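Convention: sequence-line order gives letters A, B, ...; per-chain numbering from 1. Predicted model only: the values in this text are computed from it and were never measured.
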Amino acid sequence: MDESGHPGMHALNSVHQPSQHRSDGGESGLEGTENGHETRRDIGDILQQIMTITDQSLDEAQAKKHALNCHRMKPALFSVLCEIKEKTGLSMRNTQEEEPQDPQLVRLDNMLLAEGVAGPEKGGGAAAAVSAATSSGGMSPDSSLEHSDYKSKLSQIRSIYHTELEKYEQACTEFTTHVMNLLREQSRTRPVTPREIERMVAIIHRKFSSIQTQLKQSTCEAVMILRSRFLDARRKRRNFSKQATEVLNEYFYSHLSNPYPSEEAKEELAKQCGITVSQVSNWFGNKRIRYKKNIGKFQEEANLYAMKTALGARQGDDSPHTPNSTGIGRQ
DNA sequence: TACCATGATTTGGA
DNA sequence: TCCAAATCATGGTA
C-alpha cells in the first residue's frame, strides 16, 4: 500500500518536505528544516517534554502545557496522532456501530403507543379496553365506576412513565454534554478525534437507552396487570335491571312465533335496556333455549306478557307488538 | 351453604 | 356470521 497516499501522511510530509508548501521562508511553520535531522530533534524534544511533564509542579506543568500547545509542530503532530488513532481504533469499533433497532424495544414502543401511555394523550388504551369489553358484551352502567378507575390508574401509569422518561432524557443530555466538554478539554492535550467523541456519545446513548427499555418494560407490565384486572372484572355477571328484563321479555313473548330480533331491533332493545347488542343477542339465545326446554315453566310468564301486550294494544292502536304465538320457530 | 336463576362463553353446524 | 346447545361462573335467596 502506498502510505504517502494516506491523508495522515500529508501532515508528516509537510514536516519532511516543507519547501513544497512554504517557499516564502516565513516565521511560523517549518522554516529552517532543511533536512530531517532538525525535524526529528524537534519531535524528540516535544516527546521528552511530554514525558517529564508529570514530574513537574502544577504551575510548571501548566506553563509547559501552554508552551506545548503553542509549539509550531503541535498541529502537525496532533493531526498525525489523530489519524493513527482513528485508523487503529476503527477496525476494532466498527462492529459495534450501526446496531439494528432492538425488536423488543419496537414491540414495547408499539404497545405503549397502543395503550395510550406513550404518544399523545387520548382515549387510547382505556378506550380500547372498554371497546374490547363492550364488543364482547360486558359493559353495564354499573361498570362505569370500574371504567373510571381503570382510566385514572392508566393515567397514573402514564404520568409516572413520562416523568421518569423525562428524568432519564435530562440525565442523558447532561451526562453527554459533560463528557463532550471533558473530551473537548482533553483534546487540547491528547489526540481526541471528533469521531471518537461521536462514538462516546453513541455509547452513552446506548446505555441510557437500555435503562429506558427497562422503564418501558415495567410500564408495559403495569398496564398488562391493570388491563387483566379490568377485563376480569367485566366477566363478573351482573343481572340486568328489572325494567330491562321486562322490555326483553315483552319483545320475546310478543314475537314468540319468531323470537329472532333483527339487527335494528336488537339495537333498539339495547338502547332501551341500557345494555349492548351482544348482551341482547346473548339474552335471546339463552331465552329461546330455556323456553324451549321448559315451556311449562315459562307458561305463566308467557301469559302475563301476553296479557300486558293485549292491554297495550287496546290502549293504543299503533302498538308495536305483533300477534302472539306459542311455538318457537325461525321464519 | 346449597340450590336455582341468569348472563357469558365455548363448541359445532349450517 | 348466526344460531343451538352445552357449559361455566356468579348472583340471589331460602
Atom CD of A/Glu301 to atom P of B/dA5: distance rounded to whole Å?
11 Å

To the nearest 0.5 Å, atom CG of A/Leu108 lies from atom CG of A/Leu113 at 12.0 Å

Between CZ of A/Arg290 and C1' of B/dT9 the distance, given in whole Å, is 12 Å

Closest to side chain of A/Tyr260, choosing from C/dC3, B/dT6, C/dA5
C/dC3

Compare side-chain N and O positions of A/Lys297 against OP1 and OP2 of B/dC4 and report whether any pair is under 4.0 Å apart.
no

To the nearest Å, how far apart are A/Lys287 NZ and C/dC3 P?
17 Å

Picking from C/dA4, C/dG12, B/dT9, which would you name as closest to the side chain of A/Ile289?
C/dA4

Can you say whether the rings of A/Phe252 and A/Trp283 are parallel (under 30°), tilted (30 to 60°) or perpendicular (over 60°)?
perpendicular

Looking only at non-hydrogen atoms, find the nearest pair between A/His205 and A/Cys172 and report the distance.
CD2-SG, 3.3 Å

A/Asn294 atom CG is separated from C/dA6 atom P, nearest whole Å, by 14 Å

Using whole Å, what does the distance between atom C1' of nucleotide B/dA5 and atom NZ of A/Lys242 come to?
15 Å

Side-chain atoms of A/Lys292 come closest, of B/dA8, C/dA4, C/dG11, to C/dA4

In the single-linkage hydrophobic clustering (I, L, V, M, F, W, Y; side-chain heavy atoms under 4.5 Å), do A/Val277 and A/Tyr260 co-cluster?
no

Would the base of B/dA8 count as contacting A/Asn286 through its side chain, where contact means a donor and an acceptor less than 3.5 Å apart?
yes

Closest of C/dC3, B/dA8, B/dT6 to the A/Asn282 side chain is B/dA8

To the nearest angstrom, the CG-C1' distance between A/Asn258 and C/dA4 comes to 15 Å

A/Asn239 CG to B/dA5 P, straight-line distance once rounded to whole Å
12 Å

Is there a side-chain contact between A/Arg288 and the phosphate of C/dA4, meaning an N or O under 4.0 Å from OP1 or OP2?
yes

A/Arg238 CZ to C/dG12 P, straight-line distance once rounded to whole Å:
9 Å

Taking atom NE2 of A/His255 and atom CZ of A/Phe284, what is their separation to the nearest 0.5 Å?
8.0 Å

Please determine if a side-chain N or O atom of A/Lys293 lies less than 4.0 Å away from the OP1 or OP2 oxygen of C/dA6.
yes

Has A/Gln279 got a side-chain N or O lying under 4.0 Å from the OP1 or OP2 atom of B/dG7?
no

